[in-house]
Amino acid sequence: MALSISTPTSSSLLPASRQVGRWSPLARSAKPVPFSLWRSPLAARSAAGSAPASPVDEVVTELDAVAGFSEIVPDTVVFDDFERFAPTAATVSSSLLLGISGLPDTKFKSAIDTALADGECNALEKPEDRLSCYLTKALANVGAELAQQVPGRVSTEIDARLAYDTQGIIQRVHELINLYNQHDVSTDRLLFKIPATWQGIEASRLLESDGIQTHLTFVYSFAQAAAAAQAGASVVQIFVGRLRDWARNHSGDPEIDETLQKGEDAGLALAKKVYAYIHRNGYKTKLMAAAIRNKQDVFSLLGIDYIIAPLKILQSLEESVTDPDVKYGYVPKLTPAIGKTYEFTEEELLKWDQLSLAAAMGPAAEELLASGLEGYVNQARRVEELFGKIWPPPNV
């Protein structure tokens, strides 16, 4: 699961009327909390009146500095360290449901119990239909709870077993929208996380044309990202570290081999290229970088819309302090201006279709997409197996 913690001046994760600073996570009161600011002992004494105040004395964290350029998103499944890294947006997924089910006492547990007690699901004759219904209801119930705790959007995972079924994806999205509406969660607060197969991209195009926001994931090639941007996807998620890992252990992918020959990192280069493509063509799509491996990845991606980072990296950034001169020395590595200077081939600028996408996806994208889908399918099955074991819930 990913929960967004910092909010730049304009965040597409936040509705225009709700753009604020950090919010306290999953707490009893949804009160805005300012981004933490570390100050040196001298600066603290200045504030107390025991020394002259001087902006030179102020020291801030690296996390404060980088958050001015990109929205930093903690990558976590269980509700740990949220008081330290408060979310502004959230993702609800099968892995989150498993995490909730494994906790002894959480307010989200009742959201799952309510799904298992749903009369509509219980009336279904086929066990597989009944379990799928429970899963869908649980995702919406937990997502609705999260929507009360964060000011931004809630992204809901679409079952990866529907990854190659455009109409199936669209139907599931509308089912979820209806469930969210029952909880008084408006559609503008929602994103739907869809695998970036051709069928998923086509579903995104059709949903976006109806004003439904989509979040395309498992993007490992320029072709996938460009097709998703052309489809009007609201968010495209690139897994930077996974591409790097693949490149270290494999060869034979033309797109990656070309990048390595230039001495560039495969994952970072793809993020830069896609960012340039989006801004060259004026697409509304926001770009999200995931599978971040270290702080240098964060610095190399400054300016990208969202960076999903592990808690250990966020902790390292927060524990590292810098003075104002250094802070203001941070500069974005990705800016809209690169869209004007980046060189694309004629083929890359054409309209993408299913055949051209299939031809352009090399071994890396094919293998990593398949692996990601398999992992998501396994997670969904684990949730359904668990629901089958614990049904009926207490008091049902």
Side-chain angles (χ1 to χ4, degrees), residues 1-8 13 21-27 33-38 59-96 98-100 102-103 106 146 149-150 152 155 217-218 237-249 265-268 270-271 287-322 326-327 330 332-334 368 371-372 375-376 379:
M1 184 188 77
L3 289 148
S4 171
I5 59 170
S6 71
T7 309
L13 285 182
R22 286 181 70 184
W23 273 49
S24 176
L26 315 180
V33 179
F35 206 74
S36 61
L37 179 67
W38 188 93
V59 180
V60 297
T61 69
E62 287 182 338
L63 185 55
D64 288 316
V66 301
F69 300 102
S70 298
E71 187 159 348
I72 310 299
V73 182
D75 187 7
T76 182
V77 173
V78 185
F79 309 109
D80 51 3
D81 242 355
F82 281 8
E83 289 302 328
R84 187 173 182 182
F85 301 112
T88 58
T91 297
V92 57
S93 63
S94 297
S95 61
L96 175 61
L98 286 172
I100 293 171
L103 295 175
T106 168
L146 286 170
Q149 304 299 326
V150 300
S155 183
T217 188
F218 298 140
Q237 183 173 344
I238 294 175
F239 292 85
V240 172
R242 293 184 192 175
L243 272 170
R244 177 185 304 145
D245 295 342
W246 193 96
R248 284 174 177 169
N249 299 291
D265 177 272
L268 296 175
L270 177 61
L287 191 58
M288 176 180 286
I292 299 302
R293 302 294 193 227
N294 49 57
K295 287 202 300 184
Q296 188 55 50
D297 282 346
V298 176
F299 298 139
S300 298
L301 289 164
L302 287 186
I304 201 170
D305 299 291
Y306 312 114
I307 299 174
I308 300 180
L311 288 177
K312 65 179 182 179
I313 294 178
L314 297 182
Q315 290 165 356
S316 177
L317 289 168
E318 190 177 54
E319 291 165 1
S320 300
V321 297
T322 181
V326 175
K327 173 188 174 183
Y330 284 80
K333 298 298 189 294
L334 302 179
L368 291 169
S371 175
Y376 269 36
Q379 291 277 25

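- Interatomic distance, Ser371 OG to Phe239 CZ, rounded to the nearest 0.5 Å: 10.5 Å.
- Rounding to the nearest 0.5 angstrom, the gap separating the OG1 atom in Thr91 from the CD atom in Gln237 is 7.5 Å.
- Side-chain contact between Ile308 and Met288 is present, with at least one heavy-atom pair separated by less than 4.5 Å.
- Ser93 and Ser95 form a side-chain donor-acceptor contact under 3.5 Å, judged by distance and modelled atom types alone.
- A 4.5 Å side-chain heavy-atom check between Lys333 and Leu301 finds every atom pair outside the cut-off.
- The CZ atom of Phe69 sits 11.0 Å away from atom CD1 of Ile307, with the distance rounded to the nearest 0.5 Å.
- Once rounded to the nearest 0.5 Å, the distance linking CG of Leu334 with CD1 of Ile304 reads 6.0 Å.
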Stepwise side chain to side chain contact (heavy atoms under 4.5 Å, CB included) check, Gln379 with Leu98: CA-CA 8 Å; Gln379 291 277 25; Leu98 286 172; 2.8 Å; yes
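- Residues Leu302 and Val66 have side chains in contact (heavy-atom distance under 4.5 Å, counting atoms from C-beta outward).
- Annotation: side chain of Arg244 is in contact with side chain of Arg293 (closest heavy-atom distance under 4.5 Å).
- Using a 4.5 Å heavy-atom cutoff, the side chains of Val240 and Leu270 are not in contact.
- Residues Thr61 and Leu317 are not in side-chain contact: their nearest non-hydrogen atoms beyond the backbone lie 4.5 Å or more apart.
- Residue Asp265 holds its CG atom at 8.5 Å from CG of Leu243, rounded to the nearest 0.5 Å.
- Listed here is the closest heavy atom pair of Pro332 and Gly303: CB-CA, 4.1 Å.
- Taking all atoms of both residues into account, the shortest heavy-atom contact from Ile292 to Ala309 is CB-CA, 4.3 Å.
- Side-chain contact between Glu319 and Leu63 is absent, with no heavy atoms from C-beta onward closer than 4.5 Å.
- The shortest distance between side-chain heavy atoms of Leu368 and Trp246 falls below 4.5 Å.
- Annotation: the span from Lys295 atom NZ to Lys312 atom NZ amounts to 13.0 Å, rounded to 0.5 Å.
- Residues Asp297 and Ser300 bring no donor and acceptor atom of their side chains to less than 3.5 Å of each other.
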